Amino acid sequence: MSKYASWTHGKLPLPELLELKRRGQKLAMVTAYDFPSGRIADEAGVELVLVGDSAAMVVLGHDSTVPATMDELLMLTAAVTRGAKRPLVIADMPFGSFQVSDDEAVVNAVRFVKEAGADAVKLEGAGPTLSRVQAIVGAGVPVMGHVGLTPQSATMLGGFKAQGRTAAKAERLYADALALEAAGCFAIVLEAVPAAIAARVTEALQVPTIGIGAGAGCDGQVLVWHDLLGLYEGKAPRFVKRYADLADQAKRALEDYVADVRQGRFPEEQHTYAIPDEELEAFEGWLAAQHGVQADHQ
Ligand code: KIV
């Protein structure tokens, strides 16, 4: 029997996520930032692809997600949606794109759908974010919520550290997640939250939770592409599981290439284009005549 109730071909229908949660089927989400990563994620069978504002760090080299801009995220999202045809593609709304007003949040969310082909957007936080979620969902754009460690407000949270580790903070987090569901979110990311709290939140919600550093009790998991594949040099958080060491493989391949170029081992005949003998002969004749003309003029 298929894992899915209604997904046989084409784009994953959004309501299928609720059905998967109901059936206890886990969801796999990964970030992607360009056409090939979108295509590979699609071929690997993930249900959800997030064009995270983590791009600011892992792709653009900033030391936080805060500098990510609408223009950058729009460009990356458009590339991902050209590659990821079957999974739902969620664009992360960068810092500053939804904080000012509900109206501005709607305008920017709509841009992700119209200009970049996103299926949904993700917003960090609760509190003032709740009215943004209602406004965006009201405009017809599905919204994924994100609570716990919300990197855009890491400074206010006291750094990149686990959240909800006291009873009072866990209560706040639980209430925020429920409020985001009530505001219309179709799924909620729980980041760096104690596993026991994430499990309780997951039980309380109708919509799926997607955990990152939130334990196995969530309905799904998400990892950042560069962390999962070993492409990011910085210190990985404890919740990262590295499934490959592509940075090392890429470095070794490039070292081989450099050595081949320097030693004249690349390119070989198979990498070059030929010209028919008679054409080459005619060209050589023409070249010799050119040299003859030049010599006559000296
Ligand atoms: O930007 C991002 O990659 C994220 C995930 C870590 C959930 O928000």
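Each residue takes its place number in the sequence, starting with 1. FYI, side chains are in, hydrogens and waters are out, and symmetry mates aren't considered; it's all heavy atoms of this structure. None of the values given here were measured: they were computed from a predicted structure. As the structure lists them, so they are numbered: ligands from 1, and atoms in each ligand from 1.
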Any donor-acceptor N/O pair, [X] side chain to [Y] backbone, under 3.5 Å:
| X | Y | value |
| --- | --- | --- |
| E124 | Q152 | yes |
| K21 | G220 | no |
| Q134 | G184 | no |

Note the single closest protein heavy atom to [atom], along with its residue, its atom name and the distance in Å.
| atom | answer |
| --- | --- |
| atom 5 (C) of ligand 1 | L50 CD2, 3.7 Å |
| atom 8 (O) of ligand 1 | K122 NZ, 3.0 Å |
| atom 2 (C) of ligand 1 | S54 OG, 3.2 Å |
| atom 6 (C) of ligand 1 | I212 CD1, 3.7 Å |

Taking the six-membered ring for Trp, are F266 and H271 parallel (under 30°), tilted (30 to 60°) or perpendicular (over 60°)?
tilted
Would you check the N or O atoms of T31, main chain and side chain alike, for any that come under 3.5 Å of an N or O of ligand 1?
no
May I ask whether E124 places a heavy atom under 4.0 Å from ligand 1?
no
Min heavy-atom dist M29 to ligand 1 below 4.0 Å:
no
Which atoms from ligand 1 have a heavy atom of [X] less than 4.0 Å away?
| X | answer |
| --- | --- |
| D92 | 1 (O), 2 (C), 8 (O) |
| D53 | 1 (O) |
| G52 | 1 (O), 2 (C), 3 (O) |

Kindly give the heavy-atom pair with the smallest separation between L17 and L88, and that separation in Å.
CD1-CD1, 4.0 Å
Per side-chain contact (heavy atoms from CB on, under 4.5 Å), V30 is matched among L229, V222, L228 by L228
Distance check, rounded to the nearest 0.5 Å: T81 atom OG1 versus I90 atom CD1?
12.5 Å
